[in-house]
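Each ligand, and each atom within it, is numbered from 1 in the order the structure gives.
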Amino acid sequence: MAAQSARRMKSEKGPEEINALRVAAGIVSGVHEMLRERVVPGVTTAELDNLAEEFIRDHGATPAFKGYVMGDGVENPYPSTLCISVNDVVVHGFPSKDELQEGDIVAIDVGVIKERYHGDCAFTYAVGEITQEKQRLLDATVEALNLGIEQAVVGNWIYDIARGIQKHVEQSGFSVVRELVGHGIGQSLHEDPAIPNFVPNPFARHRFPNLKLSEGMVICIEPMVNAGTFKVSTDEDGWTVRTVDGLPSAHFEHMVVVREGEAEILTTHIPHPTFV
Ligand code: MF3
Ligand code: CO
């Protein structure tokens, strides 16, 4: 049916589906709440991963990233519950026996499946004292996310979100990663539409169609912001994405429902004063 597939394409959800997504979003938010005080010098990222998995299973959910296969046809399932991306790692860093160190910035991304519906949320933490420049990077990324969310209202367009994010990031002297983008979410982790954090150039527009936002679309807005160049590369492991210049990168992600007037953020309880 044409109407149904149009709805699918836009990731519009009815009230019951939104409630199911709200429950999943509550669990990923809870993981962050639990982890925030455990992101300290000396903890290993594998320890954080184990804590998160236990929390998720205790809440009757399963980790969404563990075993996830990217849609590029290459079988290389993601091995862990969390993506933990330290300093110059942009996204998809593997938890490991490495200890976090004072001064690191650590992006933690978590996904769950609860009764078939997905939750997905990322936050970048400071480990102890960090440099002013790293703090500025975190602040600019959160602010950019919030500006993107402000645009996620009925009648606006996907590129309004993208523009809001990109403008703030670039005015702050940082750059927006191009290779990875936000997405719709529902019974799949990644649904249409793609939500780029930049306004695509004319040649890339067909990959990221500029759809009109409508009531009930549930989307993940997730700017990845680099201190230096936006260029990234992927490690031999097929997952770990890092900046090519070795400068740090930050990543924050919220699940939001497009509404009339003001977007509804599903991933609440996020430990940052700018998230209000
Ligand atoms: N939040 C990220 C995303 O939406 C995390 C994906 S990790 C993966 O793409 F393992 F699931 F790919
Ligand atoms: Co996501």
Side-chain angles (χ1 to χ4, degrees), residues 11 13 21 24-25 27-29 31-32 35 45-46 48-49 52-53 56 61-86 89-96 106-114 116-125 141-142 144-145 148-149 152 158 161-162 165 176-198 207-208 217-225 232 234-235 237-242 249-258 263 265-267 270:
S11 207
K13 305 291 188 296
L21 286 162
I27 298 172
V28 288
S29 301
V31 170
H32 281 287
L35 288 177
T45 53
L48 299 177
D49 195 63
E53 180 160 359
I56 290 165
T62 50
F65 300 165
K66 205 173 203 172
Y68 187 86
V69 178
M70 279 287 184
D72 58 7
V74 183
E75 277 283 325
N76 179 20
Y78 191 77
S80 303
T81 294
L82 300 177
C83 300
I84 305 191
S85 306
V86 182
V89 178
V90 179
V91 287
H92 305 162
F94 292 170
S96 75
V106 185
I108 299 184
D109 195 348
V110 56
V112 302
I113 308 169
K114 171 74 173 174
R116 300 198 317 281
Y117 283 87
H118 286 73
D120 186 9
C121 183
F123 188 92
T124 303
Y125 299 86
T141 310
V142 170
L145 172 57
I149 291 171
I158 286 177
I161 299 174
I165 293 170
V176 169
V177 172
R178 308 295 203 266
E179 273 77 357
L180 299 127
V181 296
H183 50 93
I185 188 166
Q187 293 198 17
S188 303
L189 175 62
H190 296 134
E191 297 187 357
D192 287 335
I195 310 290
N197 301 298
F198 54 93
R207 288 177 53 208
F208 309 111
M217 287 173 70
V218 183
I219 55 177
C220 290
I221 306 181
E222 47 177 320
M224 289 142 272
V225 175
V232 298
T234 305
D235 287 1
D237 63 25
W239 282 99
T240 310
V241 176
R242 57 179 82 235
S249 183
H251 177 213
F252 292 82
E253 173 178 24
H254 264 316
M255 280 169 74
V256 310
V257 189
V258 173
I265 302 178
L266 296 183
T267 34
I270 292 293

Distance from H92 atom NE2 to T234 atom OG1, nearest 0.5 Å? 9.5 Å
Identity and distance of the protein heavy atom lying nearest atom 11 (F) of ligand 1: F65 CD2, 3.2 Å
Subset of ligand 1 atoms that lie under 4.0 Å from at least one heavy atom of W239: 8 (C), 10 (F), 12 (F)
Checking the side chain of R116 only, and the main-chain atoms of K114 only, is there a donor and an acceptor separated by less than 3.5 Å? no
Numbered atoms and elements of ligand 1 in range of C83, under 4.0 angstrom, heavy atoms: 7 (S)
Is it true that a side-chain atom of T124 and a backbone atom of H251 form a donor plus acceptor pair closer than 3.5 Å? yes
Minimum-distance pair of heavy atoms, taken over all atoms of H118 and A64: CD2-CB, 3.8 Å
At a 4.0 Å cut-off, with the gap strictly under it, does some heavy atom of A122 reach an atom of ligand 1? no
Which residue and atom name correspond to the protein heavy atom nearest atom 6 (C) of ligand 1, and how close is it? H92 NE2, 3.7 Å
N/O of Y68 under 3.5 Å from N/O of ligand 1, yes or no? no
For the side chain of S249 and the backbone of V225, is there at least one donor-acceptor N/O pair under 3.5 Å apart? yes
Against heavy atoms of L189, which atoms of ligand 1 measure under 4.0 Å? 11 (F)
Which of the numbered atoms in ligand 1 are below 4.0 angstrom from a heavy atom of Y78? 10 (F)
Where ligand 1 meets M70 - atom numbers and elements under 4.0 angstrom, heavy-atom basis: 12 (F)
Protein heavy atom at shortest distance from atom 3 (C) of ligand 1: H190 NE2, 3.2 Å
What is the name of the N/O/S atom in D120 that sits closest to the Co ion (ligand 2)? OD2
Quick check against the 3.5 Å criterion: does W239 have a side-chain atom that pairs as donor or acceptor with the backbone of C83? no
Which of V112, L266, L189 passes side-chain contact (heavy atoms from CB on, under 4.5 Å) with D120? It is L189
Just which atoms of ligand 1 are under 4.0 Å from any heavy atom in E253? 1 (N)
Can you name the closest pair of heavy atoms from N76 and D237 and give their distance? ND2-O, 2.9 Å
Has the side chain of T45 got a donor or acceptor atom that lies under 3.5 Å from a matching backbone atom of S96? yes
For atom 2 (C) of ligand 1, the option (of I185, D109, V69) bearing the nearest heavy atom: D109
Please find out if the Co ion (ligand 2) and some N, O or S atom of E222 are separated by less than 2.8 Å. yes
Please state whether the rings of Y125 and H32 are parallel, tilted or perpendicular, taking 30° and 60° as the class boundaries. parallel
Do any of the N, O or S atoms of H183 sit under 2.8 Å from the Co ion (ligand 2)? yes
Measure from the Co ion (ligand 2) to every N/O/S atom of E253 and report the name of the nearest one. OE2
